[in-house]
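If you're wondering where the values come from, they're calculated on a predicted model, not measured in any experiment.
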Number of protein chains: 2
Amino acid sequence: LNKVIHIQEKFEQIGELWHPHLLAELNGQQVKAARIKGEFVWHSHADADEMFLVVSGNLTIEMRDRQVQLSAGDMFVVPRGVEHRPVAHEETRILLFEPVGVINTGNTEDTLTRKDLPSI
Amino acid sequence: LNKVIHIQEKFEQIGELWHPHLLAELNGQQVKAARIKGEFVWHSHADADEMFLVVSGNLTIEMRDRQVQLSAGDMFVVPRGVEHRPVAHEETRILLFEPVGVINTGNTEDTLTRKDLPSI
């Protein structure tokens, strides 16, 4: 992983929507890339704050008491324990920053759960 | 900090070159923004891997045995303990991801050392 990471090129290597892929690991944290479209599943991560950075497209992060809208170049941190549901009305490319070991659907077991984390 | 962070707008709030400003904190890590131009100082961080993400411009990261070139949309991780010197021939805007408490010039005391970390 000790190379320059060209973010846009990495997204071309991702096939499945909502399946995070590993870009980098540092200080016990991982940087992941995902292509998303549609509505994800409600979930939370008990021990992990989760940062979203939108590279292209638009992302809504629904929480139980509010929602936020992110466009390309926007970041948002969902604090640990906060239930959230990402929604993208068009194909959207995001980076995720979170501790090693976080599963995409958190406390929720779902058909969208992916426990493998391919490196790209 | 529980708001959407519009990265480009944040850079407009940064005056001094090479002075990192705090955008977000999560899981014991900090996300910082910096405007840079020219040659920084050689330094290393004994206990911190440091990730650079170039938002605009071009960044060379010199290390003792090699160098890497980053353009907008590129990331690179400098592993802990590795001496490095960032160089930007034009004004360049970068994000930094590293543990709480990292000082910009690491083990090197210099006129460019900034121990304060303004939140923007």
### Query
Any side-chain heavy atom of A:Asn104 sitting closer than 4.5 Å to one from A:Thr113?
yes

### Query
Is there a donor-acceptor pair closer than 3.5 Å between any side-chain N or O of A:Trp18 and the backbone N or O of A:Leu112?
no

### Summary
Looking only at B:Asp47, B:Ile7, B:Asn27, B:Val31, most heavy-atom pairs under 4.5 Å shared with chain A are made by B:Asn27

### Summary
Note: A:Phe11 and A:Ala34 closest approach over all heavy atoms is CE2-O, 3.4 Å

#### Entry: Leading residue by heavy atom contact count with chain A [cutoff under 4.5 Å; candidates B:Met51, B:Gln8, B:Lys10, B:Glu50]
B:Met51

### Message
Can you tell me which portion of A:Val78 sits under 4.5 Å from chain B's heavy atoms? Options are side chain, backbone, both or neither.
### Response
neither

### Query
Are B:Glu90 and B:Lys37 ion-paired here, with the side-chain N under 4.0 Å from a carboxylate O?
no

### Query
So, do A:Glu98 and A:Asp49 sit near enough that their side-chain heavy atoms are less than 4.5 Å apart?
no

### Query
Do NZ/NE/NH1/NH2 and the carboxylate oxygens of A:Lys32 and A:Glu25 come within less than 4.0 Å?
no

### Query
Does any heavy atom of chain B fall under 4.5 Å from the side chain of A:Glu9, the backbone, both, or neither of them?
neither

### Query
Between A:Glu16 and A:Arg35, does at least one N-O distance fall below 4.0 Å, as a salt bridge requires?
no

#### Entry: Proximity of residues 61-74 of chain B to chain A, residues having a non-hydrogen atom under 4.5 angstrom
B:Arg66, B:Val68, B:Gln69, B:Leu70, B:Gly73, B:Asp74

### Per-residue contact mode, B:Leu95 against chain A (heavy atom under 4.5 angstrom)
side chain

### Message
Is there a side-chain contact between B:Thr108 and B:Trp42 in this structure, where contact means two heavy atoms from C-beta onward sitting under 4.5 Å apart?
### Response
no

### Side chain / backbone / both / neither for B:Phe52 at chain A, heavy atoms under 4.5 Å
neither

### Task
Test B:His19 against B:His21 for side-chain hydrogen bond (donor to acceptor under 3.5 Å, both in side chains), laying out the working first.
CA-CA 7 Å; B:His19 189 170; B:His21 287 56; 4.9 Å; no

### Task
Under 4.5 Å heavy-atom distance to chain A, tell me which part of B:Val55 shows up: side chain, backbone, both or neither.
neither

